[in-house]
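Order of the sequence lines sets the chain letters (A, B, ...), proteins ahead of strands, with each chain counted from 1.
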2 protein chains.
Amino acid sequence: MAVSMSDVARHAGVSQRTVSNVVNNYVHVSPATRARVQASLDALGYRPNTAARRLRTGRTGTVTLAVPSFRERYFADLAEAVVGAARDRGTTVLVETTGGHRDTELALLRGGGDVLTDGVIMSAVALGRDDQRGAHPVVLIGDREPGSTIDHVGIKNREAAQAAVTHLLETGRRRILLLGANHGPKRSYQLRRQGYQAALKKHGTALDPDLLVACDWTTTAAAATITRTFEHLRPDGIFAMNDSAALGVLQALHRGGVDVPKDVSVVGFDDIVESSLSTPTLSTVAPLLGDIAASALDLLAEQVDEDHVPQHRMAGYELRIRESSTR
Amino acid sequence: MAVSMSDVARHAGVSQRTVSNVVNNYVHVSPATRARVQASLDALGYRPNTAARRLRTGRTGTVTLAVPSFRERYFADLAEAVVGAARDRGTTVLVETTGGHRDTELALLRGGGDVLTDGVIMSAVALGRDDQRGAHPVVLIGDREPGSTIDHVGIKNREAAQAAVTHLLETGRRRILLLGANHGPKRSYQLRRQGYQAALKKHGTALDPDLLVACDWTTTAAAATITRTFEHLRPDGIFAMNDSAALGVLQALHRGGVDVPKDVSVVGFDDIVESSLSTPTLSTVAPLLGDIAASALDLLAEQVDEDHVPQHRMAGYELRIRESSTR
DNA sequence: CTGAAAGCGCTTACAG
DNA sequence: CTGAAAGCGCTTACAG
């Protein structure tokens, strides 16, 4: 049987209250008492019972992270960031995978069958604007339904895309293909395209509609699309909506004998691990996952306030320039 | 405030005991009572308090999964499998990342600072044979220190490697390079090499020491090594110790104008997601992660028995033949 | 600075 | 088939 506080109290000849004070580092304990209690704690190998503490305080010290699947690289990286940020504040992370199913997402949004954690951080893909959360704190990550009243952490899609395209323009590229238009997560697509257009406009370069190329945001789709497109089109820069697609671009160009970055510069979005390992290494926009994780945990904590107003926070990003756009 | 059982009991005009019976689906409740209680449960929106249940029963319904990092694809896939298998048995999964640090692994092995879960499933990389676990259930996954007395789930490294090499031999390959010899996780390396040798022996093919090529188990190292090796060696088959390396092989051969699978067949190990997306798609040995997860959860559950004997279980694997070895 | 005691929300012998 | 009650291990007003 595990050692409880009352065992320790008996051993040290003090009350349970004093043991609790020592364990929780309260100030008002005399050094002598503290030392004695600490010795008993060590001798008996006391370890706090989290369930009891939770029952008593109502707080669990645990948050739930829900993502569609860890098999998607981006979500695995996000999980890594959330676990790290949570550890910094003494919080543990419990994980759920939703498979992107609306039912599962809704259940988590409304509270699941179980009160186990202090709140849910979810990358939801199937929820709509009008879905309401339950009584427990919820923070959504990623694409946001405009008009939703649930706390949310996103990234500066427009600014980031603009920065990427501006970088291409500043390195002398003029005919920049936007790969992934009309596809992918709806909202991100719109914002990244706006960023693309804003960069061109600011630079005084005309928009050529032929350079807006529809494509799934996957490696294979991107490779096929680029191979087909290069039969009749010769851009000198490509901004892909995400890295998976950008890596497909690199494959296709390599196969087609087009030199990157000599003939064409390529920039992606996400900074997945493969992007720093590809040949050439891929320039990309890196959302700061640590920022996202920290903001989500902050918002969760703030939701315990009665007068918390639902809000929308933006995490930072970095443009990471690598070989694929360096001439 | 949340709705408790006593609230429901009052609402339904029964004792708390009866509410508990209904919630837990005990048999001896009259249909009429059950219906009435259920109605109150629904009306009040009752949800069980996990902390209280845990405190009372001593079981948490949660296991901890500890891996070095989710950024490594294999561990992300493993997490996906564990979360899925756990859900099947009504268990939730709490995650920790160890960064492969011995301190962190030891802390988890010995029980951490906190009694939060029913046990720990860990992919340990820095523990030694003599490290002892604490009082709580622990199952190690992956490479095993021979002689360790901690429960463990592994894969049939030798048999799986033998199957992969036999496949190459049966498709007419004779000069099969083993890539990753003398590197990588110690134990896996030995066993996989034994499997390689067993396959050759059984087939009556002589072992050529030149074909045992040392190399880190990474994409970049493999690509470099293969490019160098092909300057003076011409194998017709390559068995790489893992998929990351095998993908590097594909890159290097493609760049070097060597056709896969026409000139050289390639087989990897792990079946990471990229392996089914590469060009050509990569033949590989797939450890059955669902098996690993289920066995680990079983062993954890069995450890509550007083007379549990530490054991070592083997999860299954599948040889997945794709384009890189199909002529 | 420390003690005695209540109570968080459950489950489960003990009765009937 | 159901009730009254104890107790899991904590934290924290209430006293002193």
In whole Å, I'd like the distance from the [atom1] atom of [X] to the [atom2] atom of [N].
X     : N      : atom1 : atom2 : result
B:L55 : C:dC10 : CG    : P     : 12 Å
A:N25 : C:dC1  : CG    : P     : 14 Å
A:R54 : C:dG7  : CZ    : C1'   : 19 Å
B:R53 : C:dG9  : CZ    : C1'   : 10 Å
A:N49 : D:dG7  : CG    : P     : 17 Å
A:M5  : C:dA5  : CE    : P     : 19 Å
B:R56 : C:dT11 : CZ    : C1'   : 4 Å
B:L41 : C:dC10 : CG    : P     : 10 Å

Contact class for [X] vs. all strands (heavy atom < 4.0 Å): base, sugar-phosphate, or nothing?
X     : value
B:S6  : nothing
B:T57 : sugar-phosphate
B:T18 : sugar-phosphate

*Mind checking the P distance from D:dG9 to D:dA13? Whole angstroms is fine.*
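Looking at atom P only, D:dG9 and D:dA13 are 23 Å apart.
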*Checking A:N157 side chain against A:S188 main chain: does a donor-acceptor pair fall under 3.5 Å?*
no
*Check for a donor-acceptor pair, side chain of A:E105 on one end and backbone N or O of A:L127 on the other, with a separation under 3.5 Å.*
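A pair under 3.5 Å: yes.
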How many angstroms lie between atom [atom1] of [X] and atom [atom2] of [Y], to the nearest 0.5 angstrom?
X      : Y      : atom1 : atom2 : value
A:D118 : A:L297 : CG    : CG    : 10.5 Å
A:L109 : A:L140 : CG    : CG    : 6.5 Å
A:H312 : A:I150 : NE2   : CD1   : 13.5 Å
B:D143 : B:I155 : CG    : CD1   : 8.5 Å

_Salt bridge A:D298-A:R89, side-chain N to carboxylate O under 4.0 Å_ =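 Yes, A:D298 and A:R89 are salt-bridged.
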Respond yes when some side-chain nitrogen or oxygen of [X] is under 4.0 Å from OP1 or OP2 of [N], and no when none is.
X     : N      : answer
A:N24 : D:dT11 : yes
B:S15 : D:dG3  : yes
B:S30 : D:dT2  : yes
B:S4  : C:dC8  : no
A:T50 : D:dC10 : no

*Check each of B:R313, B:R133, B:H308 against B:D151 using the side-chain hydrogen bond (donor to acceptor under 3.5 Å, both in side chains) test, and report the only one that passes.*
B:H308
_Checking A:R54 against B:T50 for the side-chain hydrogen bond (donor to acceptor under 3.5 Å, both in side chains) test, could you report, in this order, the C-alpha distance in whole Å, the side-chain angles of both residues, the deciding distance, and whether it holds?_
CA-CA 9 Å; A:R54 288 181 179 193; B:T50 313; over 6 Å; no
List, with names and distances, any nitrogen or oxygen atoms from the protein found under 3.5 Å away from nitrogen or oxygen atoms belonging to nucleotides 13-16 of chain D.
residue	atom	partner	partner atom	Å
D:dA13	N6	A:R17	NH1	2.6

_Position toward the 5' end of DNA chain D (nearest nucleotide), B:P31 or B:A52_ = B:P31
*Stems formed with participation of DNA chain D [Watson-Crick or G-U wobble, under 3.5 Å, three or more pairs]*: C:1-3 with D:14-16, C:5-12 with D:5-12, C:14-16 with D:1-3
*Carefully, step by step, assess B:R73 and B:D270 under the rule salt bridge (Lys or Arg N to Asp or Glu O under 4.0 Å).*
CA-CA 10 Å; B:R73 176 65 87 175; B:D270 280 350; over 6 Å; no
